[in-house]
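See below for the structure under consideration.
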Amino acid sequence: GQGVDGKDEL
Amino acid sequence: MNIFRILGDVSHLLAMIILLVKIWRSKSCAGISGKSQILFALVFTTRYLDLFTIFISVYNTVMKVIFLVCAYITVYMIYMKFHKTFDREHDSFRLEFLLVPVTGLSFLENHSFTPLEILWTFSIYLESVAILPQLFMISKTGEAETITTHYLFFLGLYRALYLANWIWRYHTENFYDQIAVVSGVVQTIFYCDFFYLYVTKVLKGKKLSLP
């Protein structure tokens, strides 16, 4: 998912 | 990963490649806004800092690196290699009009008040308006080369496909990121007028020129 410390979307 | 997301990423990549190929083949960056390209380089730089903090997937890492490299090569082409062909006079959009509100908003409205998250938010807000110097340049000169319009089409299509991706994710994963969605809608709206001209003119073999 879109966690606070990393994003899976570009 | 759904079909809209993949197609969105592919059209984003395609847009950047089209622009690079146009500049490389014609040895010219005429009609391209260097300011928009600087903003996109800034967007990727501030968004992909998580490359250093977390591993998500090979796809995620590879695509982020490719996007960063493409953005910086484009800026290099415009301001260094082919700078003599750069139409500086018409690229006169005032960047502070975008950067100041976007910076302020990213401090005010974010998921959490941490440096990485604020920078990510900044990049999302900035991306939604980063194309404005390019659209401003086209409205100023009143025309765009056909290949430039293909670039803009795929860049707009990418964000429109991401909207479909978010609708899909909302229904299948209950995933919903308000900052990304609202900015994505704003960003897509900026392309609507262009999409109309693209379909009614460029796809019928005419050059894009404004009345």
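Values below: every heavy atom of this structure, side chains too, minus hydrogens, waters and symmetry copies. In the text below, chain A, chain B and the rest are named by the order of the sequence lines, each starting its count at 1.
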CG (B/L68) and CE (B/M63) are apart, to the nearest 0.5 Å, by 12.0 Å
Which portion of B/N110 sits near chain A, non-hydrogen atoms under 4.5 angstrom: neither
For B/D9, is it the side chain, the backbone, both or neither that has a heavy atom under 4.5 Å from a heavy atom of chain A? side chain
Let's test your reading of the structure: which of B/W166, B/Y59, B/Y158 forms the most heavy-atom pairs below 4.5 Å with chain A? B/W166
Any side-chain heavy-atom pair from B/S36 and B/L132 closer than 4.5 angstrom? no
Lys/Arg-Asp/Glu bridge criterion (N-O < 4.0 Å) met for A/D8, B/R169: yes
Within a strict 4.5 Å, meaning less than it, do heavy atoms of the B/F82 and B/S28 side chains meet? no
So which part of B/Y48 gets closer than 4.5 Å to some heavy atom of chain A, the side chain, the backbone, both or neither? side chain
Among B/M1, B/R5, B/H12, residue most engaged with chain A (heavy-atom pairs, under 4.5 Å): B/R5
So do the side chains of B/F122 and B/L99 get within less than 4.5 Å of each other, counting heavy atoms only? yes
